[in-house]
Amino acid sequence: MESKDDSGGLRCLVTGASGYIGGRLVPELLEAGHRVRCLARTPDKLRDHPWAGEAEVVKGDVTDAESLDAAMRDIDVAYYLVHALASGPDFEKTDREAARVFGQRAKAAGVGRIVYLGGLTPPDVDERELSPHLRSRAEVGRILLGSGVPTTALRAAVIIGSGSASFEMLRYLTERLPVMVTPSWVSTRIQPIAVRDVLRYLVGSAHMPAEVNRTFDIGGPDVMTYRDMMQKYAAVARLPHRLILPVPMLSPGLSSHWVGLVTPVPASIARPLAESLRYEVVCQEHDIAEHVPDGPGRPFSFATALSLALQRVREARVTTRWSSASTPGIPSDPLPTDPDWAGGSLYTDVRELDVDASPEALWRVIEGIGGDNGWYSFPLAWAVRGWMDRLTGGVGLRRGRRDAQRLRVGDSLDFWRVEEIERGRLLRLRAEMRMPGLGWLEMYAQEGEDGRSHYCQRAVFHPAGLLGHAYWWSVSPFHALIFGGMARNIARAAVQGAEGVTK
């Protein structure tokens, strides 16, 4: 493909850059010498990524033709890495329309190639019988292949990498359950692939000749059952052999709730994964190697992919996680400003304290909140709220943190998401637990007098209907214990941290 970039690299558009694969693809493209433009509905979600200063970020959406026209101007290769699973029950319709618009605008803009990452489907199963998730991914691939723009549609089964939903599901099931009663899909054959090989194929696909317009199956060298994968994980992680007992009557719906209770992956994400595992997904060809050659030892074996992922987890170098993208059924509205809410209901709980520590010491505690550090008040209450959330299909507390010390906009943080961060001053979290309304938690570190600091904490709740009002008033008696205790303990931790630094 001829480059429009005088430097020799291609000009690449990446959609889904805030997601698990997209967030890892951008730096790979940059390292390969390409110029990258990211399309994002909320550009601020990308501002804290290490590569943010090297890539162009434009505001837009794959369903908005006007924003696509601007994003695709002078683009050589457009990566389609989005799906509408989080949009609700009509996600197939949304996926279909988004792919159609994307293909049309790419053709109109003269884009040289579309690269799409979809799901591997069994050749002997009628598409109408597939799970909605797999069916939609296949349909999107067909639409893009028929767009008139040369398209590379990569099809992968289970992707293994630090922070991937498939890896987290496998990891927690194996580590937490030495003996487990499992759904029958543990006996289904699968061909997993390392995320590093997926990224290698995505980057290499940019240079395919214009006459190539087809799907490619991509997978690692190992074909195994999910039971084999759990036993191999146990071996690589040096755990005892697992006793696994398949039970045929566990449906995808029931098994997704089972996965949701045992692992950090909520039922809303676990269900499409579980439904996909019902089918044998094994590559029918490896033609991708004709265009993106495999070097020695590539693609990685399943054991190697596991070892690399576990090493990243142990070294706390997980760059993106499955929770980087939006979770189905979770609100994404930003914190409303006062003028927008004139005449509406907006409940708040405000706590303020002077702290005998510097603003820097206070900020270290604020930014380190959640995950293993907890929430600085009544751990049992937080744990119960997390379990209640899991039981109702929510994400619960077990998502933890991507990084133990630093946060960035868009990070998931237990059952919150980082909506805004002004380093050293403000952390705003948006609630993603199940509740009848929208909620936020703000924490401020402000400069006080005589080297001290001032801590301000504000919980905000916008009720949805009468149930939302009832919810707020039913939990408000506990706010002094939960939010008041949080403020006092954060202040105490900042003082203790400051004393530890000076000793």
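Keep in mind that what you see is a predicted model, and the values were worked out from it rather than measured.
In this structure the side chain of Leu145 reaches within 4.5 angstrom of the side chain of Asn213, judged on heavy atoms. Proximity of Arg47 to Ile421: side-chain heavy atoms (C-beta onward) are separated by under 4.5 Å at one or more points. Taking the side chain as every heavy atom from C-beta outward, Trp51 and Val36 never approach each other to under 4.5 Å. Residues Pro463 and Tyr471 fail the side-chain proximity criterion, which asks for heavy atoms closer than 4.5 Å. Between Pro221 and Pro299 the shortest side-chain heavy-atom distance falls below 4.5 Å. Counting only heavy atoms from C-beta outward, the side chains of Leu413 and Asp411 never approach each other to under 4.5 Å. Looking at heavy atoms from C-beta onward, Leu10 lies in side-chain contact with His207 at the 4.5 angstrom threshold. Side chains of Leu13 and Val77 form no contact here, defined as non-hydrogen atoms less than 4.5 Å apart.
Aromatic ring orientation, His291 versus Phe216: perpendicular (interplanar angle above 60°, classes split at 30° and 60°). Under the 30°/60° scheme for interplanar angles, the aromatic rings of Phe415 and Trp382 are found to be tilted. Ring-plane geometry between Phe102 and Tyr80 is classed as perpendicular, the angle between the planes exceeding 60 degrees on a 0 to 90 degree scale with a lower cut at 30. Ring planes of His83 and His133: perpendicular class, angle over 60° (limits at 30 and 60°).
By the 6.0 Å contact criterion, CZ on Arg214 is enclosed, its count of non-hydrogen atoms from other residues, nucleotides or ligands being greater than 12. The number of heavy-atom neighbours closer than 6.0 Å to CD of Glu31, taken from other residues, nucleotides and ligands shown, is 12 or below. Surrounding CG of Asp126 are more than 12 heavy atoms belonging to other residues, nucleotides or ligands, all under 6.0 Å away. At most 12 heavy atoms of other shown residues, nucleotides or ligands fall within 6.0 angstrom of atom CD in Glu66.
One N or O on the side chain of Ser307 and one on the backbone of Ala303 form a donor-acceptor pair closer than 3.5 Å. Between the side chain of Tyr79 and the backbone N or O of Leu202, at least one donor-acceptor pair lies under 3.5 Å. No donor-acceptor pair closer than 3.5 Å links the side chain of Arg37 to the backbone N or O of Arg11. Side-chain N or O atoms of Ser164 include one that pairs as donor or acceptor with a backbone N or O of Ile159 at under 3.5 Å. Under a 3.5 Å cut-off, the side chain of Ser67 and the backbone N or O of Asp61 do form a donor-acceptor pair. With hydrogens and angles disregarded, no donor-acceptor distance shorter than 3.5 Å links the side chain of Gln231 to the backbone of Met229. Gln191 contributes a side-chain N or O that, together with a main-chain N or O of Cys283, makes up a donor-acceptor pair within less than 3.5 Å. Formation of a donor-acceptor pair under 3.5 Å by the Ser136 side chain with backbone atoms of Pro132 is not found in this model. Judged purely by atom type and a 3.5 angstrom limit, Thr188 has no side-chain atom pairing as donor or acceptor with the backbone of Glu280. A distance-only check finds a donor-acceptor pair linking the side chain of Arg200 to the backbone of Pro293 [under 3.5 Å].
A salt bridge links Asp197 to Arg298: one of the charged nitrogens lies within less than 4.0 Å of a carboxylate oxygen. Comment: Asp95 engages Arg137 in a salt bridge, judged by a side-chain N to carboxylate O separation of less than 4.0 angstrom. A salt bridge is defined here as a Lys NZ or Arg NE, NH1 or NH2 lying under 4.0 Å from an Asp or Glu carboxylate O, and Arg406 with Asp48 fails to meet this definition. Between Arg430 and Glu432 there is a salt bridge, since at least one side-chain N of the basic residue sits less than 4.0 Å from a carboxylate O of the acidic one. Remark: Arg428 does not engage Glu420 in a salt bridge, criterion side-chain N to carboxylate O under 4.0 Å. Here Asp217 pairs with Arg155 in a salt bridge; the nearest charged N to carboxylate O distance falls below 4.0 Å. Note on Asp228 versus Arg189: no salt bridge recorded, every NZ/NE/NH1/NH2 to OD/OE distance being 4.0 Å or above.
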| request: For Arg113 and Thr152, run side-chain hydrogen bond (donor to acceptor under 3.5 Å, both in side chains): C-alpha distance rounded to whole Å, both residues' side-chain angles, the deciding distance at 0.1 Å, then the answer. | output: CA-CA 8 Å; Arg113 176 162 298 279; Thr152 301; 2.9 Å; yes

| said: Walk me through whether Arg408 and Arg402 qualify under side-chain contact (heavy atoms from CB on, under 4.5 Å). | reply: CA-CA 9 Å; Arg408 65 190 185 201; Arg402 177 191 55 83; 3.6 Å; yes

| request: Apply side-chain contact (heavy atoms from CB on, under 4.5 Å) to Val198 and Arg24, showing your working. | output: CA-CA 10 Å; Val198 174; Arg24 298 191 179 203; over 6 Å; no

| query | Going through the distances and angles, do His34 and Asp76 end up as a side-chain hydrogen bond (donor to acceptor under 3.5 Å, both in side chains)? | reply | CA-CA 10 Å; His34 303 308; Asp76 297 305; over 6 Å; no

| message | Pair Leu306, Phe167 - check side-chain contact (heavy atoms from CB on, under 4.5 Å), show working. | response | CA-CA 8 Å; Leu306 285 179; Phe167 173 74; 4.0 Å; yes

| said: Quick one, Leu308 with Arg312, criterion side-chain contact (heavy atoms from CB on, under 4.5 Å). Give me CA distance, side-chain angles, the key distance, then yes/no. | reply: CA-CA 6 Å; Leu308 291 169; Arg312 285 257 182 169; 5.9 Å; no

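When all heavy atoms of Ala99 and Leu144 are compared, the pair lying nearest together is O-CD2, 3.7 Å. Heavy-atom minimum distance, Ile114 versus Gly103: CD1-CA, 4.3 Å. When all heavy atoms of Arg434 and Arg385 are compared, the pair lying nearest together is O-NH2, 2.8 Å. Minimum interatomic distance between Ala106 and Val149 (heavy atoms only, all atoms of both residues): C-CG2, 3.9 Å. Of all heavy-atom pairs spanning Leu46 and Cys38, the tightest one is CD1-CB, 3.9 Å. Counting all heavy atoms, side chain and backbone alike, Ala55 lies closest to Val26 at CB-CG1, 4.2 Å.
Within the model, atoms CD1 of Ile143 and CD of Glu97 stand 9.0 Å from one another, a figure rounded to the nearest 0.5 Å. One distance of note links CG of Leu154 with CD1 of Ile193; it measures 8.5 Å at 0.5 Å rounding. How far OG of Ser166 is from CD1 of Ile190: 9.0 Å, rounded to the nearest 0.5 Å. For the atom pair CZ of Arg242 and NZ of Lys232, the computed distance is 15.0 Å after rounding to the nearest 0.5 Å. Separating the OG atom in Ser18 from the NE2 atom in His49 is a distance of 7.0 Å, to the nearest 0.5 Å. Remark: Arg35 CZ to Leu30 CG distance equals 11.0 Å, nearest 0.5 Å.
In this structure, a donor-acceptor pair under 3.5 Å is present between the side chains of Arg100 and Gln104.
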